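Below is one structure; the comments refer to it alone.
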Amino acid sequence: LQSFAKILLFSLGYFVLMGLLMYVYTYLSKKLICRISQQLRKKSFVGIVNHTIEDFGKANTSDYLSAITNDVKLVEDNYLLPLMEIIQYGVIFTASLVLMLYYDVIVTGCVLVSILFMFIIPSLFGATLQKRQDNYSRQLSGFTGTLKDFLSGFEVIKAYRMRVYVIKKFEDSNVDLTSAKFSVDKSLAANEAVSMLLSVMVQIVVLFLSAYFIIIGRITVGTMLAMVQVSGNLSNPLLMIFNNAPKLKGVRPVIARLNEFADHRGNSFTGEVGPLFEHQISVEKLNFSYDKTHNALQDVSLTIERGKKYALVGASGCGKTTLIKLLTGYYSDYQGTVKYDDCLLSDLDYEQVAELSSTIHQNVYMFNETIEDNICLHQTYDDAEIETALKTSGVDLFLNQTTQGLSSPVGENVSCGQKQRIAVARAIVRKKPLLILDEGTSAVDMQTAYDIESSLLKLEDLTLLTITHNMRKDLLELYDEIIYMEKGKIAEKGPFEELMKKTPTFLEIDPVKTKDGVIVLFHDATLERTTTGKGKMSDLTFAELRELNLK
């Protein structure tokens, strides 16, 4: 009874200690996994943010989203958690093996031979699982892209009755994702079945060898019971280790993809020279192609002098936006030279080049924050600077209609025109030497666009480069130089009056298509039905054109 009491107390203390150790292990392992997942997301996101615009555009946004969300989750489930279990059961296996050696060396030797056999067979599943895991990751990326595309285009889907097509496309993508996941699960199931069979084999080896050694008198029945008990602590941990080991190998392509994002080194400019724009930006014999087949720009040469105002005009697709992107360092793979003062663009620090210019794009992006945050972008400006930007851009005209003024959130109720005014204010408040309007006032009404452009043209210290289809004569006359482009080339350049003498057709804008013909709009608002050759519609204002619902 005394021995029983001692063993009982020892056992209770043992189990309490085991419980505490298990809690500490679980707590620390979970904390470690959370910390590693957090670091993985951070490294991947920082690597993506470090992309240049050129490199960022080489992948779909859904690929980046899937990497930071789905792929990190895959690494957590199929690498970090299995690795923790391998460490845990590896400790149990090692302790049990030491006990087996204590009881009988020969039995332990036979067990080790069986274990070696167990190592070989499950490893055959690793290569198959690796391929299937990689395919599953790619299917996740595709599914995320499809879902993002449909939700972003919800209004188009409803307006054009795409419901049947969208549901069918989603279902196809959903089935492909499920099939890829099930393919991974099948490999894991086969591996688990084989591992379980081999685990049982270890216990059978111990049982029959121990029974034989009892018959020949080498060991006692008590030793046999102890070895059978300990062998369970060999086979079960081995089963868990062999189940998890292929997962570590299978997730390698996913980890490689995350590392590729995290350790990204772009092919853009790697110069360290700080750029200067004291005098001019000069371009000589510039050629560029997106697909290495057709040139978007051909033999372009021009000079942008500081403080002057330039208008880029020409039909859609003639290379205006491409030229702007090359001037501001979006792309590095071009032929010819771009210089800021006397320094080649390729020798300059890319990040500092971006500090010299503000660009107002046609498609404006607003963050899900307040109007003030979208203007200042979490940088500090004094009240006078912000007030000037609000008046010049026209933001002040609609602020009194909002609930909280500058503190109002930029939600879905803010119109495209209002967003574009906010984007103009965002650029103006920074007072950078070069301001680029890439159809930056196309979403506001004609009068507001005219007012914004006129006020920018009056700023003496500002170098303005405007891509425009606004062919109003009184506005074009305010520019120092008009650059007229055709098919990737500069057809003509010079002041307005000079271009009117050389190439008066530059004032034509893109055709407006109607059911019964093509109508071309000229600077004096005269309309001609060119395909039928019958009659003219003269002296129409833009408002009247809109009333006719032709465009």
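Everything numeric in this text was worked out from a predicted model, so none of it was measured.
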Practice problem: Only counting residues at least two apart or in another chain, list the ones meeting side-chain contact (heavy atoms from CB on, under 4.5 Å) with Q39. | Solution: K42
Practice problem: Would you indicate whether the side-chain heavy atoms of V254 and D134 approach each other to under 4.5 Å? | Solution: no
Self-check item: Any pair counted as salt bridge (Lys or Arg N to Asp or Glu O under 4.0 Å), so long as it reaches residues 94-109, sequence neighbours left out
Solution: D104-R218
Quiz item: Between T108 and Y102, does any side-chain donor sit less than 3.5 Å from a side-chain acceptor?
Solution: no
Practice problem: Could you verify whether a donor N or O on one side chain and an acceptor N or O on the other, from E85 and N244, lie under 3.5 Å apart? | Solution: yes
Practice problem: Can you measure from NZ (K148) to OG1 (T61) and round to the nearest 0.5 angstrom? | Solution: 4.5 Å
Quiz prompt | Check: D149 side chain, G145 main-chain N or O, donor-acceptor pair, under 3.5 Å | solution = no
Self-check item: Evaluation steps, side chain to side chain contact (heavy atoms under 4.5 Å, CB included), between L348 and L345
Solution: CA-CA 5 Å; L348 301 178; L345 180 59; 4.2 Å; yes
Exercise. Could you verify whether a donor N or O on one side chain and an acceptor N or O on the other, from S187 and R132, lie under 3.5 Å apart?
Key: yes
Quiz item: If you measure from the Lys or Arg side-chain nitrogens to the Asp or Glu carboxylate oxygens, is any gap between D63 and R257 under 4.0 Å?
Solution: no
Practice problem: For the residue pair L207 and M224, establish whether any side-chain heavy-atom pair is separated by less than 4.5 Å. | Solution: yes
Self-check item: Q139 CD to N174 CG distance, which is reported to the nearest 0.5 Å
Solution: 11.0 Å
Quiz item: Can you check whether H294's main-chain N or O pairs, donor with acceptor, with S289's side chain at less than 3.5 Å?
Solution: yes
Quiz item: Roughly how far, to the nearest 0.5 Å, is CZ of F93 from CE of M100?
Solution: 10.0 Å
Practice problem: Give every residue pair that meets the ring pair (Phe, Tyr, Trp, His ring centres under 6.0 Å) criterion with at least one member in residues 163-186, sequence neighbours excluded. | Solution: F143-F170
Exercise. Apply side chain to side chain contact (heavy atoms under 4.5 Å, CB included) to the pair I68 and L258, showing each step before the final yes or no.
Key: CA-CA 8 Å; I68 295 174; L258 286 172; over 6 Å; no
Practice problem: Return the set of residues passing salt bridge (charged side-chain N to carboxylate O under 4.0 Å, His left out) with K181 (not counting sequence neighbours), or none when no residue passes. | Solution: D185
Quiz item: Taking only residues at least two apart or on different chains, which pairs with a member in residues 315-331 satisfy salt bridge (Lys or Arg N to Asp or Glu O under 4.0 Å)?
Solution: none
Practice problem: Return yes if some donor-acceptor pair links the side-chain N/O of R426 with the main-chain N/O of N374 below 3.5 Å, else return no. | Solution: yes
Exercise. Under the ring pair (Phe, Tyr, Trp, His ring centres under 6.0 Å) rule, collect the residues that match up with F4, sequence neighbours excluded.
Key: none
Exercise. Decide side chain to side chain contact (heavy atoms under 4.5 Å, CB included) for L32 and L80; before the verdict, give the C-alpha distance in whole Å, the side-chain angles of both, and the deciding distance to 0.1 Å.
Key: CA-CA 9 Å; L32 178 63; L80 298 177; over 6 Å; no
Practice problem: Walk me through it: do I324 and D438 pass the test side chain to side chain contact (heavy atoms under 4.5 Å, CB included)? | Solution: CA-CA 8 Å; I324 292 297; D438 187 357; 5.6 Å; no
Self-check item: Approximate separation, where rounding is to 0.5 Å, of E260 CD and I255 CD1
Solution: 14.0 Å
Self-check item: L344 side chain near V338 side chain, heavy-atom distance below 4.5 Å
Solution: no
Self-check item: Nearest heavy-atom neighbours spanning I219 and M227
Solution: CD1-CE, 3.5 Å
Quiz item: Do you know the tightest heavy-atom contact between V300 and G488?
Solution: CG2-O, 3.5 Å
Quiz item: F288 pairs by ring pair (Phe, Tyr, Trp, His ring centres under 6.0 Å) with which of Y330, Y331, Y334?
Solution: Y331
Self-check item: Side-chain donor or acceptor of S179 paired with backbone N/O of V175 under 3.5 Å
Solution: yes
Self-check item: Minimal non-hydrogen separation, L40 against V75, with atom names
Solution: CD1-CG1, 3.7 Å
Quiz item: Do L327 and L465 have side chains that get closer than 4.5 Å, going by heavy atoms?
Solution: yes
Quiz item: If you measure from CG on L434 to OG1 on T328, what distance do you get to the nearest 0.5 Å?
Solution: 8.0 Å
Quiz item: Among all residues two or more places apart in sequence or in another chain, which pass the side-chain contact (heavy atoms from CB on, under 4.5 Å) test with Q229?
Solution: none
Quiz item: Between A423 and M366, which heavy-atom pair has the shortest distance, and what is it?
Solution: N-CE, 4.1 Å
Check residues 6-25 and write down every donor-acceptor pair under 3.5 Å in which the side-chain atom is one partner and the other belongs to a residue at least two apart or another chain.
residue	atom	partner	partner atom	Å
S11	OG	I7	O	2.7
Y25	OH	M84	O	3.0
Y25	OH	Q88	OE1	3.3

Quiz item: Taking atom CZ of R252 and atom NZ of K247, what is their separation to the nearest 0.5 Å?
Solution: 16.0 Å
Quiz item: When the ring planes of H51 and F261 are compared, do they come out parallel, tilted or perpendicular, using 30° and 60° as the limits?
Solution: tilted
Practice problem: Please identify each residue that fulfils side-chain contact (heavy atoms from CB on, under 4.5 Å) with D373, with sequence neighbours left out. | Solution: E369, T370, H378
Quiz item: Pairs in or reaching into residues 8-32: which pass salt bridge (Lys or Arg N to Asp or Glu O under 4.0 Å), with residues at least two apart or in two chains?
Solution: none
Practice problem: Kindly state each residue pair satisfying ring pair (Phe, Tyr, Trp, His ring centres under 6.0 Å) with at least one member in residues 190-231, sequence neighbours excluded. | Solution: none
Self-check item: Note, L74 side chain near Q133 side chain (heavy atom, < 4.5 Å)
Solution: yes
Quiz item: Side chains of E76 and I33: closer than 4.5 Å at any heavy-atom pair?
Solution: yes
Exercise. With the side chain counted from C-beta on, respond yes when I436 and S358 share a heavy-atom pair under 4.5 Å apart, and no when they do not.
Key: no
Self-check item: Test side-chain hydrogen bond (donor to acceptor under 3.5 Å, both in side chains) applied to T220 and T223, step by step
Solution: CA-CA 5 Å; T220 64; T223 303; 3.0 Å; yes
Quiz prompt | Results of ring pair (Phe, Tyr, Trp, His ring centres under 6.0 Å) for Y103 - residues two or more places apart only | solution = none
Quiz prompt | Which atom of S137 lies closest to which atom of S66, heavy atoms considered | solution = O-OG, 4.3 Å
Quiz item: Heavy atoms, side chains only, cut-off 4.5 Å: are V283 and T337 in contact?
Solution: no
Self-check item: Heavy-atom pair of closest approach, residues R430 and C376
Solution: NH2-O, 2.8 Å
Quiz item: How about K43: does its NZ atom have over 12 heavy atoms from other parts shown lying under 6.0 Å from it?
Solution: no
